[in-house]
**Student:** 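One structure coming up, written as structure tokens, with questions to follow.
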Amino acid sequence: MVFIKKFTCQMCGNEFESPANRASYCPECRKQRQRDSTKRYIDRLKNNDVRRIGEPQICIECGKPYILLSGSQKVCDACRKKHENKMKIKANSEHRAKTYDSCIVYVKKGGEKQRLIEYAKAKNISLNELFVTAVNEYITKHPI
């Protein structure tokens, strides 16, 4: 069963329906974007500004040369893990900023933090879940 969803075009602002999960453009604007994208690619080909698999590239992390193995590769093999981690950290922090409010909790030095982490692990929950659960229980048992 196909579900049709309503979307608003990011180019023209008109509403349209699509079976896709994340449609961004109405059919007319999508065709125009594809034409524009093709034109940009042809211009890059004419200017010899297209990265080709097997050609040497310069790593954006360390500046050393490497051979391009895929179209999305930006770094050499030595820097790949470090670059992936940077990208994950950035994506995770953006997601956290949009989704959660933060609350900093200070605990005394001398092993208190580690004790709480071990307790949370033993209960198979995160430290964050432990704090939220504890605070919610306290609020339930001690209403204002």
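For the numbers below, each heavy atom of this structure counts, side chains included, while hydrogens, waters and symmetry mates do not. Remember, it's a predicted structure, so these values are computed and weren't measured experimentally.
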**Student:** Which pair of non-hydrogen atoms, one from Val75 and one from Ile60, has the smallest distance, and what is that distance?
**Tutor:**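 Of all heavy-atom pairs spanning Val75 and Ile60, the closest is CG1-CG1, 3.6 Å.
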**Student:** Does any pair with a residue in residues 83-113 pass ring-ring contact (aromatic ring centres under 6.0 Å, His included), and if so which ones, sequence neighbours excluded?
**Tutor:**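 For residues 83-113: none.
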**Student:** Measure the spacing between OG of Ser24 and CE of Met11 and express it to the nearest 0.5 Å.
**Tutor:**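 Nearest 0.5 Å value for the OG-CE distance: 11.5 Å.
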**Student:** Can you pull out every ring-ring contact (aromatic ring centres under 6.0 Å, His included) where at least one residue sits in residues 10-67? Sequence neighbours excluded, please.
**Tutor:**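 The answer is Phe7-Phe16.
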**Student:** Answer with yes or no whether the hydrophobic clustering places Ile58 together with Ile67; edges join I, L, V, M, F, W, Y residues whose side-chain heavy atoms lie under 4.5 Å apart.
**Tutor:**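 In one cluster with Ile58: Ile67, no.
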**Student:** Give the minimum heavy-atom separation between Leu130 and Ala120, together with the two atoms involved.
**Tutor:**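 That would be CD2-CB, 4.1 Å.
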**Student:** In chain order, what residues pass the salt bridge (Lys or Arg N to Asp or Glu O under 4.0 Å) check against Arg96, with sequence neighbours excluded?
**Tutor:**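 Result, salt bridge (Lys or Arg N to Asp or Glu O under 4.0 Å) vs Arg96: none returned.
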**Student:** Just wondering, do Asn14 and Cys26 contact through their side chains at under 4.5 Å, heavy atoms?
**Tutor:**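 The answer is no, as the side chains (C-beta and beyond) never meet within the 4.5 Å cut-off.
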**Student:** Do Phe131 and Tyr119 share a hydrophobic cluster, counting only Ile, Leu, Val, Met, Phe, Trp and Tyr and linking them when any side-chain heavy atoms are less than 4.5 Å apart?
**Tutor:**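 Yes; Tyr119 is reachable from Phe131 via cluster members.
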**Student:** Please report the interatomic distance SG(Cys76) to CD(Glu61), rounded to the nearest 0.5 Å.
**Tutor:**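 It comes to 8.5 Å.
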**Student:** So, using salt bridge (Lys or Arg N to Asp or Glu O under 4.0 Å) as the criterion, who are the partners of Asp43 when residues are at least two apart?
**Tutor:**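 Applying salt bridge (Lys or Arg N to Asp or Glu O under 4.0 Å) to Asp43 gives Lys39.
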**Student:** Determine the sole option in Gln34, Arg33, Gln32 for which the side-chain contact (heavy atoms from CB on, under 4.5 Å) test with Arg30 is passed.
**Tutor:**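 When Gln34, Arg33, Gln32 are each tested with Arg30, the side-chain contact (heavy atoms from CB on, under 4.5 Å) holds only for Gln34.
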**Student:** Hey, could you give me each pair passing salt bridge (charged side-chain N to carboxylate O under 4.0 Å, His left out) that has a residue in residues 104-128? Not counting sequence neighbours.
**Tutor:**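 Salt bridge (charged side-chain N to carboxylate O under 4.0 Å, His left out) check on residues 104-128 returns Glu112-Arg115.
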**Student:** Rounded to the nearest 0.5 Å, what separation is found between the CD1 atom of Ile42 and the OG atom of Ser37?
**Tutor:**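 Ile42 CD1 to Ser37 OG: 10.0 Å, rounded to 0.5 Å.
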**Student:** State which residues pass side chain to side chain donor-acceptor pair (under 3.5 Å) with Gln57; sequence neighbours excluded, sorted by chain then number.
**Tutor:**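 With sequence neighbours excluded, Gln57 shows a side chain to side chain donor-acceptor pair (under 3.5 Å) to no residue whatsoever.
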**Student:** Within the supplied structure, the quantity of interest is the number of heavy atoms (other residues, nucleotides, ligands) at a distance under 6.0 Å from Arg35 CZ; does it exceed 12?
**Tutor:**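 More than 12 heavy atoms, drawn from other residues, nucleotides or ligands, come within 6.0 Å of this atom.
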**Student:** For residues 67-76, pull every pair meeting side chain to side chain donor-acceptor pair (under 3.5 Å), keeping only residues two or more places apart or in separate chains.
**Tutor:**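 Qualifying pairs: none.
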**Student:** Within a strict 4.5 Å, meaning less than it, do heavy atoms of the Cys59 and Pro65 side chains meet?
**Tutor:**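 Side-chain contact under 4.5 Å: no.
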**Student:** Enumerate the side chain to side chain donor-acceptor pair (under 3.5 Å) contacts for residues 132-144, please, sequence neighbours excluded, ordered by first and then second residue.
**Tutor:**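 Sorted result for residues 132-144: empty, none.
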**Student:** Got a sec, which residues hit salt bridge (Lys or Arg N to Asp or Glu O under 4.0 Å) with Arg80, two or more places apart in sequence or on another chain?
**Tutor:**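 For Arg80 the salt bridge (Lys or Arg N to Asp or Glu O under 4.0 Å) partners, ignoring immediate neighbours, are Glu84.
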**Student:** Does Arg51 reach the main-chain N or O of Leu68 with its side chain, forming a donor-acceptor pair under 3.5 Å?
**Tutor:**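 No, because the side chain of Arg51 does not come within donor-acceptor range (under 3.5 Å) of the backbone of Leu68.
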**Student:** Do Leu127 and Val105 belong together in a cluster built from hydrophobic side chains that touch within less than 4.5 Å?
**Tutor:**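 The answer is yes; both residues are in one hydrophobic cluster.
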**Student:** Lys82: what forms a side chain to side chain donor-acceptor pair (under 3.5 Å) with it, not counting sequence neighbours?
**Tutor:**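 Residues passing side chain to side chain donor-acceptor pair (under 3.5 Å) with Lys82: none at all.
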**Student:** Would you mind reporting whether Leu69 and Ile53 have side-chain heavy atoms less than 4.5 Å apart?
**Tutor:**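 Answer no - side chains too far apart.
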**Student:** With sequence neighbours left out, what residues match Asp101 under side chain to side chain donor-acceptor pair (under 3.5 Å)?
**Tutor:**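 Side chain to side chain donor-acceptor pair (under 3.5 Å) check on Asp101 returns nothing, list empty.
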**Student:** Not counting sequence neighbours, which residues clear side chain to side chain donor-acceptor pair (under 3.5 Å) with Thr38? List them please.
**Tutor:**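 With sequence neighbours excluded, Thr38 shows a side chain to side chain donor-acceptor pair (under 3.5 Å) to no residue whatsoever.
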